[in-house]
2 protein chains.
Amino acid sequence: MFSQAEENYLKAIYHLESDSKEGISTNAIAKSLATKASSVSDMIKKLSDKEVVLYKKYKGVTLTELGEKTATNIVRKHRLWEVFLVEKLNFSWDEVHDVAEQLEHIKSQKLINQLDALLGFPTHDPHGDPIPDKDGFVNAIDKSLLSTLNVDEAGVCVGVNDSSSDFLQFLDKKGITLGKRIKVTEKEDFDDSLSILIDDKKLSISNKIANNLYIKKS
Amino acid sequence: MFSQAEENYLKAIYHLESDSKEGISTNAIAKSLATKASSVSDMIKKLSDKEVVLYKKYKGVTLTELGEKTATNIVRKHRLWEVFLVEKLNFSWDEVHDVAEQLEHIKSQKLINQLDALLGFPTHDPHGDPIPDKDGFVNAIDKSLLSTLNVDEAGVCVGVNDSSSDFLQFLDKKGITLGKRIKVTEKEDFDDSLSILIDDKKLSISNKIANNLYIKKS
DNA sequence: AATAAATTTTAGACTTGTCTAAAAAACATT
DNA sequence: AATGTTTTTTAGACAAGTCTAAAATTTATT
Ligand SMILES: [Mn+2]
Ligand SMILES: [Mn+2]
Ligand SMILES: [Mn+2]
Ligand SMILES: [Mn+2]
């Protein structure tokens, strides 16, 4: 059994591993958990003793198989709860994160499996992220950042790279939601901003936005 | 904001106050939380500093208005989650307690109000205990322990005094569930055991059982 | 290769919540 | 009222998790 703090570290390492390939640095973990590098060093030793991470001093950490399984399960819980909040309790996609951050630590296998069933075994959370199944299998779909599309390419909006309230509310305001079809009509070399077509309306999109929106090309 | 430990103490004191009238003793709290009297003494000081309990050394403790409001809200959350687990996730009444014990500490006002709505604003939890409303109002119904009924008196089973798995499973086995009509047909002076009629079947009930079943006379 | 800069680890301290053992106070009994 | 018993509080210790400051190590730059 892992403490809430330990679970949060495992989850952070899991997410960092998914976009880096190398051993995860103490500093990267500290940044992602808004804590200090010294605290991370301490915790890493405990996690290493518990055999959920591999650790060599100064060399960063990687999850063991057990660590990855544990982290995947926390992510599964987080995302299922997010679906629950949106589908059953009328939360909007920008309100769910902090609550799911708490709910993901509730310990009950039956609870999470029944919740999964209640929700109809969803495959993706409200932000388009895949929900690992009971056995930890993740069905990642093939998606591209909007910023990588060329002029005249198009696709469906399937996810966000940044789940902050600010960004999500901005998308709401612009009418950009998951499932919407987006076509790139112009690309500005100067600042990498885009002109896109959505709902037959023309929108101007900064590079920062385009770097945080996932599109499934079609 | 209160820590999980603080919330558990407040809830324990709240429940102890509901059947005692006097200041709650350190020992009583220790027993109900399965901890040591010295730990309770320590925590009581912290709660007193936070003005949720009134405390005079050696004289026991009582909740302040703020303490009672806080405790009531935790109880509300606990019981709403229990209803959720039974109604939406197919838990049985003897499985919900430990999970609700965790869920009651999740912090989100919106979550609990929306959950209340999803469940149709239930007034009682799966064990027959009343659910405080948003403003902390508790609608206690008038109920009596089965052991206090006289021969030939009857009523409907509306609650349990002991929510342990063992007791609830025993009731299931005997076919005793909330809503069932029970009539006392005999009372044994020797051991205070009862003969009751339920679903037109005759059952023998020990005093210990009769002391943990609530009946609404009718 | 030597030095400077950045990263990581260690040392020591603090908070929360718990425990055991001992002291103090309250309660019971003669 | 004095004595013994029970309850409650205090004192001191410990584990988890965090922090700051300093030391060790690695990485970058001349
Ligand atoms: Mn978390
Ligand atoms: Mn999400
Ligand atoms: Mn609890
Ligand atoms: Mn209950």
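Order of the sequence lines fixes the chain letters, A, B, ..., with proteins taken first and strands second; residue numbering starts at 1 for each chain.
- In this structure, B:Ile44 atom CD1 and C:dT18 atom P are separated by 12 Å, rounded to whole Å.
- The aromatic rings of B:Trp81 and B:Phe84 lie perpendicular to each other, with more than 60° between the two planes, well past the 30° mark.
- We find that NZ of B:Lys46 is positioned 5 Å from C1' of C:dG17, with the value rounded to whole Å.
- Both tests hold for B:Lys110 against A:Phe91: distance to the six-membered ring centre under 6.0 Å, angle to the ring axis within 45°.
- In this structure, B:Leu213 CG and B:Leu171 CG are separated by 5.0 Å, a value rounded to the nearest 0.5 Å.
- Distance, B:Glu6 CD to C:dT18 P: 10 Å, rounded to whole Å.
- Here the side chain of B:Asp133 pairs a donor or acceptor atom with the backbone of B:Gly136 at under 3.5 angstrom.
- Contact detail for A:Gln102 and B:His105: the closest heavy-atom pair is OE1-O, 4.2 Å.
- For B:Tyr14 and B:Tyr9, the gap between ring centers reaches or exceeds 6.0 Å.
- Between A:Ser39 and D:dT18 there is no side-chain polar atom (N or O) within less than 4.0 angstrom of OP1 or OP2.
- Taking atom NZ of residue A:Lys45 and atom C1' of nucleotide C:dT8, one finds them 10 Å apart after rounding to whole Å.
- Contacts between residues 23-37 of chain B and DNA chain C, defined by a heavy-atom separation below 4.0 Å, involve B:Thr35, B:Lys36, listed by number.
- When each of B:Lys77, B:Arg79, B:Lys11, B:Arg76 is checked for a salt bridge (Lys or Arg N to Asp or Glu O under 4.0 Å) with B:Glu104, only B:Lys11 meets the rule.
- In the interface, the side chain of A:Ser38 is paired with the base of D:dT20 through a donor and an acceptor atom under 3.5 Å apart.
- In this structure, of C:dT10, C:dT18, D:dG17, it is C:dT18 that holds the atom nearest to the side chain of B:Ala5.
- Separating the CG atom of B:Asn8 from the C1' atom of C:dG17 is a distance of 12 Å, rounded to the nearest angstrom.
- Checking A:Trp93 against A:Asp172 by side-chain atom types alone, a donor-acceptor pair falls below 3.5 Å.
- Contact annotation: B:Ser41 does not reach the phosphate of D:dT10 (side-chain N/O to OP1 or OP2, under 4.0 Å).
- Atom CD1 in B:Ile182 sits 9.5 Å away from atom CG in B:Leu194 (nearest 0.5 Å).
- One atom, CG of B:Asp42, and another, P of D:dA11, lie 11 Å apart when rounded to the nearest Å.
- Less than 4.0 Å separates DNA chain D from at least one heavy atom of each of the following residues of residues 48-60 of chain A: A:Tyr58.
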